[in-house]
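Have a look at the structure below, then the notes.
Just so we're clear, the structure is a prediction, and the values are computed from it rather than from any experiment. All residue numbers refer to positions in the sequence shown, counting from 1. The analysis underlying the following values was restricted to heavy atoms, covering all of them including side chains, and did not include hydrogens, waters or symmetry mates.
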Amino acid sequence: MSDSLYQAATEGLRYQDARERPLRELDGPSELPVSLVLNEIPMGTLLASPEALEPLALGHAFTAGWITRREEVTAIHLSRLRHGLAVRLDVSEALARKAEGHQRRESSVSSCGACGVQDEAELMAGLTRLPPRAALSPEALMRGLERLERATRRGMHLALGLDAEGGLISQGADIGRHNALDRVIGMSLDSGVWPEALLVSSRCSLELVQKTIRARIPTLATLAVPSRLAVETARACDLNLICAHRGRRLELLSGQVD
């Protein structure tokens, strides 16, 4: 762009001063620290949207390897902390001790939960090759993309659980894309109804691939280009990984077709 065109485009441009606007009047999404606890053992804190916290906690506990079945959690308790919220999952003492030992090998838990993992082997723990399954059809995925567009929320990431025809099974929204995905997985743990595909409104990092594989969901579709490590891991585990390029074209990067 030439200087003259730039100057013409910005002539008279000023910031709208919102420095004194009350927080309650801002359009941004809510975000609070959410502490996850097994029995009385603190397991970590997520920065998350303060809604639908039960499926978030269940999904994160499952994808983090703390639990393997919904039945292992006998009760879920929500409570307020001084600066945030807490979700306590009641499990057996033996399971809590095992999960605590696993968690000690990590230095932190965050909304991008792979951050802080100390050991490369720990990063890939729990991954396995999935049974070969055909990817969701392009027609079904396009129906899912239409649903994703209709469900868009300002400042929020979305994750949808889709059936084989692109119908909506479950939906999770959060300020963090990993949390949104965990919410959908937690809903499936609770209901026993598992999607054929996950569709997320974000770029695809390694951890989204990991969570999908650990949940044994055959297809993951994302709007933006995945990382190379995400694609490499998806191919090693036979996950159907699709980049939707924001609806402009559909690219199958890993997996099976009919």
Side-chain angles (χ1 to χ4, degrees), residues 34-39 41-49 51-78 86-106 108-117 122-131 157 159-162 169-174 176-200 205-220 233-234 237 239:
V34 177
S35 297
L36 303 182
V37 181
L38 290 186
N39 296 351
I41 302 172
M43 297 296 291
T45 299
L46 306 173
L47 289 173
S49 301
E51 58 187 58
L53 294 179
E54 294 93 337
L56 171 61
L58 281 173
H60 188 88
F62 180 77
T63 58
W66 305 343
I67 64 172
T68 58
R69 305 187 314 278
R70 173 62 178 88
E71 293 74 20
E72 291 174 333
V73 179
T74 57
I76 304 175
H77 309 273
L78 304 181
V87 186
R88 191 185 84 207
L89 305 180
D90 289 352
V91 298
S92 70
E93 288 301 319
L95 189 64
R97 288 195 298 271
K98 181 180 178 181
E100 183 184 22
H102 169 79
Q103 191 65 9
R104 282 175 177 168
R105 295 193 295 271
E106 301 181 3
S108 69
V109 175
S110 72
S111 60
C112 56
C115 301
V117 174
E122 186 70 22
L123 187 63
M124 299 300 181
L127 297 186
T128 185
R129 188 178 293 275
L130 298 175
H157 286 297
L160 304 184
L162 304 175
I169 291 176
S170 52
Q171 176 178 316
D174 198 278
R177 63 188 187 278
H178 307 88
N179 294 340
L181 194 64
D182 275 340
R183 289 176 192 274
V184 171
I185 292 172
M187 291 172 191
S188 294
L189 279 173
D190 229 2
S191 67
V193 179
W194 289 87
E196 282 293 314
L198 295 172
L199 173 60
V200 295
S205 61
L206 170 65
E207 197 184 7
L208 295 186
V209 166
Q210 290 174 310
K211 289 177 181 292
T212 305
I213 293 168
R214 287 168 180 160
R216 303 189 70 77
I217 296 170
T219 297
L220 171 64
T233 304
C237 294
L239 173 70

If you compare all heavy atoms of [X] against all heavy atoms of [Y], which two are closest, and at what distance to 0.1 Å?
{"X": "S92", "Y": "N39", "result": "O-ND2, 3.8 Å"}
{"X": "A48", "Y": "N179", "result": "CB-ND2, 3.4 Å"}
{"X": "P195", "Y": "S188", "result": "CD-OG, 3.3 Å"}
{"X": "R183", "Y": "D174", "result": "NH2-OD2, 2.5 Å"}

Partners of [X] by side-chain contact (heavy atoms from CB on, under 4.5 Å), sequence neighbours excluded?
{"X": "V37", "answer": "R88"}
{"X": "R129", "answer": "D238"}
{"X": "A159", "answer": "A180, L181, V184, V200"}

Assess, by modelled atom type and distance only, whether the side chains of T63 and D182 contain a donor and an acceptor separated by less than 3.5 Å.
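Yes, D182 and T63 have a side-chain donor paired with an acceptor closer than 3.5 Å.
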With rounding to the nearest 0.5 angstrom, report the [atom1] to [atom2] distance, [X] to [Y].
{"X": "L95", "Y": "L38", "atom1": "CG", "atom2": "CG", "answer": "7.0 Å"}
{"X": "I217", "Y": "L198", "atom1": "CD1", "atom2": "CG", "answer": "4.0 Å"}
{"X": "R70", "Y": "F62", "atom1": "CZ", "atom2": "CZ", "answer": "12.5 Å"}

Heavy-atom side-chain contact between [X] and [Y] under 4.5 Å:
{"X": "L46", "Y": "L56", "answer": "yes"}
{"X": "R216", "Y": "L130", "answer": "yes"}
{"X": "R214", "Y": "L127", "answer": "yes"}

Candidate pair H178 and L208, rule side-chain contact (heavy atoms from CB on, under 4.5 Å), full reasoning:
CA-CA 6 Å; H178 307 88; L208 295 186; 3.8 Å; yes
side-chain contact (heavy atoms from CB on, under 4.5 Å) between I76 and L58, intermediate numbers included
CA-CA 9 Å; I76 304 175; L58 281 173; 4.0 Å; yes
The single option from L89, V87, D90 passing side chain to side chain contact (heavy atoms under 4.5 Å, CB included) against H77:
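Among the candidates, only D90 passes.
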Among V34, I185, L36, the one residue meeting side chain to side chain contact (heavy atoms under 4.5 Å, CB included) with H60
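Among V34, I185, L36, the one that satisfies the side chain to side chain contact (heavy atoms under 4.5 Å, CB included) with H60 is L36.
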Salt bridge (Lys or Arg N to Asp or Glu O under 4.0 Å) contacts touching residues 51-62 (sequence neighbours left out):
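Pairs touching residues 51-62 that pass the test: E51-R153.
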Can you list the residues that meet the side chain to side chain donor-acceptor pair (under 3.5 Å) rule with S35, with sequence neighbours excluded?
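Result, side chain to side chain donor-acceptor pair (under 3.5 Å) vs S35: T45.
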With sequence neighbours left out, what residues match T219 under side chain to side chain donor-acceptor pair (under 3.5 Å)?
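Scan of T219 (side chain to side chain donor-acceptor pair (under 3.5 Å), adjacent residues dropped) gives N240.
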Could you give me the CA-CA distance, side-chain angles and deciding distance for T212 and V209, then say whether side-chain contact (heavy atoms from CB on, under 4.5 Å) is met?
CA-CA 5 Å; T212 305; V209 166; 5.9 Å; no
